Amino acid sequence: MTGIDIGRYPIDLARTRVADDKIDAEFLCADILRIEYKNEFDLVFLICGQMGHFSPEECRVIFARTAASLKDGGVFIIHLPTFSREDMASYTQWYQEKQPFYFDHPAIIHREQYFFENEQVKLIRDFAVDTVTRHNTLFGVSEKAYTQSELESYASEQGLILTEVFGDYKKSPREINSSEKIYVFRKKDSPADDNY
């Protein structure tokens, strides 16, 4: 098993959690847009809605690198949240954190959120001020609500076939009000798969 994250903290946490269980795992602090493998994995799993934080061009790179890294018949699973009504709203607000996120102490946050309907993109900008030290930072993130047809298009360019879609990790059918979307793609392993 190989775990990859661009952040040092999640990698260190993962190493700590598996150390006592003697799980054979490698953890890399790396950018998935730049790391390359060839025919090495049976399964690639992109969790926690991370695909939505990448541009369409970057998604194509992810599908290309994933397809190259999978063995024939290998599986690529993507987890995406469904945008809620709040996600699709534009607003500004001030609030105080209950638990520290940006600093060692709770911060006062000024959040701006913008939703661009045509592109199905949510943009968040947070200006955070530490309540004790008064240090501050500006943080921004965007998230796109990819459609199934967009993902299928990127997948087919790389020889991946959508085989299943679920509404949650319990394999419930995906419905209009499902809070999650789980897409399961498979790498073609023979010419017969062209008719799958």
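Bear in mind the structure is a predicted one, so any value in this text is a computation, not a measurement.
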Can you name the residues that form a ring pair (Phe, Tyr, Trp, His ring centres under 6.0 Å) with [X], not counting sequence neighbours?
X: Tyr114; value: none
X: Phe139; value: Tyr102
X: His53; value: none
X: Tyr183; value: none

TODO: Determine which pairs satisfy ring-ring contact (aromatic ring centres under 6.0 Å, His included) with at least one residue from residues 149-177, sequence neighbours left out, and list them in order.
DONE: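 The answer is His79-Tyr169.
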TODO: Enumerate the residue pairs fulfilling ring-ring contact (aromatic ring centres under 6.0 Å, His included) with a member in residues 13-48, sequence neighbours excluded, ordered by first and then second residue.
DONE: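 Those involving residues 13-48 are Tyr37-Phe41.
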- [ ] Measure from the side-chain N and O atoms of Ser69 to the backbone N and O of Asn39, and report whether any donor-acceptor pair falls under 3.5 Å.
- [x]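 Side chain of Ser69 to backbone of Asn39, a donor-acceptor pair under 3.5 Å: no, none is there.
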Open item on the list: Can you tell me how far apart CG (Leu28) and CG (Asp31) are? Round to the nearest 0.5 Å.
Closed with: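 Between Leu28 CG and Asp31 CG, I get 12.0 Å after rounding to 0.5 Å.
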Open item on the list: Distance check, rounded to the nearest 0.5 Å: His110 atom NE2 versus Asn136 atom CG?
Closed with: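 Rounded to the nearest 0.5 Å, the NE2-CG separation comes to 13.5 Å.
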- [ ] Each residue besides Phe83 in its hydrophobic cluster should be listed here, by chain and number; the cluster joins Ile, Leu, Val, Met, Phe, Trp and Tyr at side-chain heavy-atom distances under 4.5 Å.
- [x]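 Noted: Phe83 shares its cluster with Met88, Phe115.
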According to a 4.5 Å side-chain heavy-atom criterion applied to Ile, Leu, Val, Met, Phe, Trp and Tyr, with indirect links allowed, do [X] and [Y] form part of one hydrophobic cluster?
X: Ile78; Y: Leu33; answer: yes
X: Ile182; Y: Met51; answer: no
X: Val75; Y: Val165; answer: no
X: Phe103; Y: Ile124; answer: yes
X: Leu46; Y: Ile35; answer: yes

Open item on the list: So that I can tick it off, tell me whether Glu40 and Lys71 are bridged by a salt bridge, with the cut-off set at under 4.0 angstrom between side-chain N and carboxylate O.
Closed with: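 Looking at Lys71 and Glu40, the cut-off is not met.
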Open item on the list: Could you tell me if the side chain of Arg174 sits less than 4.5 Å from the side chain of Gln148, heavy atoms only?
Closed with: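 A side-chain contact exists here, since the closest heavy-atom pair is under 4.5 Å.
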Is the count of non-hydrogen atoms from other residues, nucleotides or ligands lying under 6.0 Å from [X] atom [atom1] greater than 12?
X: Glu117; atom1: CD; answer: no
X: Arg15; atom1: CZ; answer: yes
X: Ile47; atom1: CD1; answer: no

Open item on the list: For Thr92 and Arg111: C-alpha separation, side-chain torsions, deciding distance, then whether side chain to side chain contact (heavy atoms under 4.5 Å, CB included) applies.
Closed with: CA-CA 6 Å; Thr92 60; Arg111 170 164 289 183; over 6 Å; no
Task: His135 versus Asp130, side-chain donor and acceptor atoms under 3.5 Å - done: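 Asp130 vs His135: no donor-acceptor pair found between side chains.
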- [ ] Dump the intermediate steps for side chain to side chain contact (heavy atoms under 4.5 Å, CB included) on Val141 and Leu123, then the final yes or no.
- [x] CA-CA 6 Å; Val141 66; Leu123 172 67; over 6 Å; no
For residues 56-63, which side-chain N or O atoms pair as donor and acceptor with protein atoms under 3.5 Å away, sequence neighbours left out?
| residue | atom | partner | partner atom | Å |
| --- | --- | --- | --- | --- |
| Glu57 | OE1 | Ser55 | OG | 3.3 |
| Glu58 | OE1 | Ser55 | N | 2.9 |
| Glu58 | OE1 | Ser55 | OG | 3.4 |
| Arg60 | NE | Glu157 | OE1 | 3.2 |
| Arg60 | NE | Glu157 | OE2 | 3.3 |
| Arg60 | NH2 | Glu157 | OE2 | 3.4 |

Name each donor-acceptor pair under 3.5 Å that joins a side chain in residues 4-14 to protein atoms two or more places apart or in another chain, with its distance.
| residue | atom | partner | partner atom | Å |
| --- | --- | --- | --- | --- |
| Asp5 | OD1 | Gly7 | N | 2.7 |

- [ ] Could you go through the side chain to side chain contact (heavy atoms under 4.5 Å, CB included) check for Leu43 and Leu70 one step at a time?
- [x] CA-CA 7 Å; Leu43 171 69; Leu70 286 171; 5.7 Å; no
- [ ] Enumerate the residue pairs fulfilling salt bridge (charged side-chain N to carboxylate O under 4.0 Å, His left out) with a member in residues 78-98, sequence neighbours excluded, ordered by first and then second residue.
- [x]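 Non-adjacent pairs meeting salt bridge (charged side-chain N to carboxylate O under 4.0 Å, His left out): Asp87-Lys122.
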Open item on the list: Give me each pair satisfying salt bridge (charged side-chain N to carboxylate O under 4.0 Å, His left out) with a member in residues 146-156, each pair once, sequence neighbours excluded.
Closed with: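 Residue pairs with at least one partner in residues 146-156: Lys144-Glu150.
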- [ ] Test side chain to side chain contact (heavy atoms under 4.5 Å, CB included) on Phe54 and Ile32 and set out the steps.
- [x] CA-CA 11 Å; Phe54 293 97; Ile32 62 172; 3.9 Å; yes
- [ ] For Ser179, check side-chain hydrogen bond (donor to acceptor under 3.5 Å, both in side chains) against everything at least two apart and list the hits.
- [x]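 Partners of Ser179 under the side-chain hydrogen bond (donor to acceptor under 3.5 Å, both in side chains) test: none.
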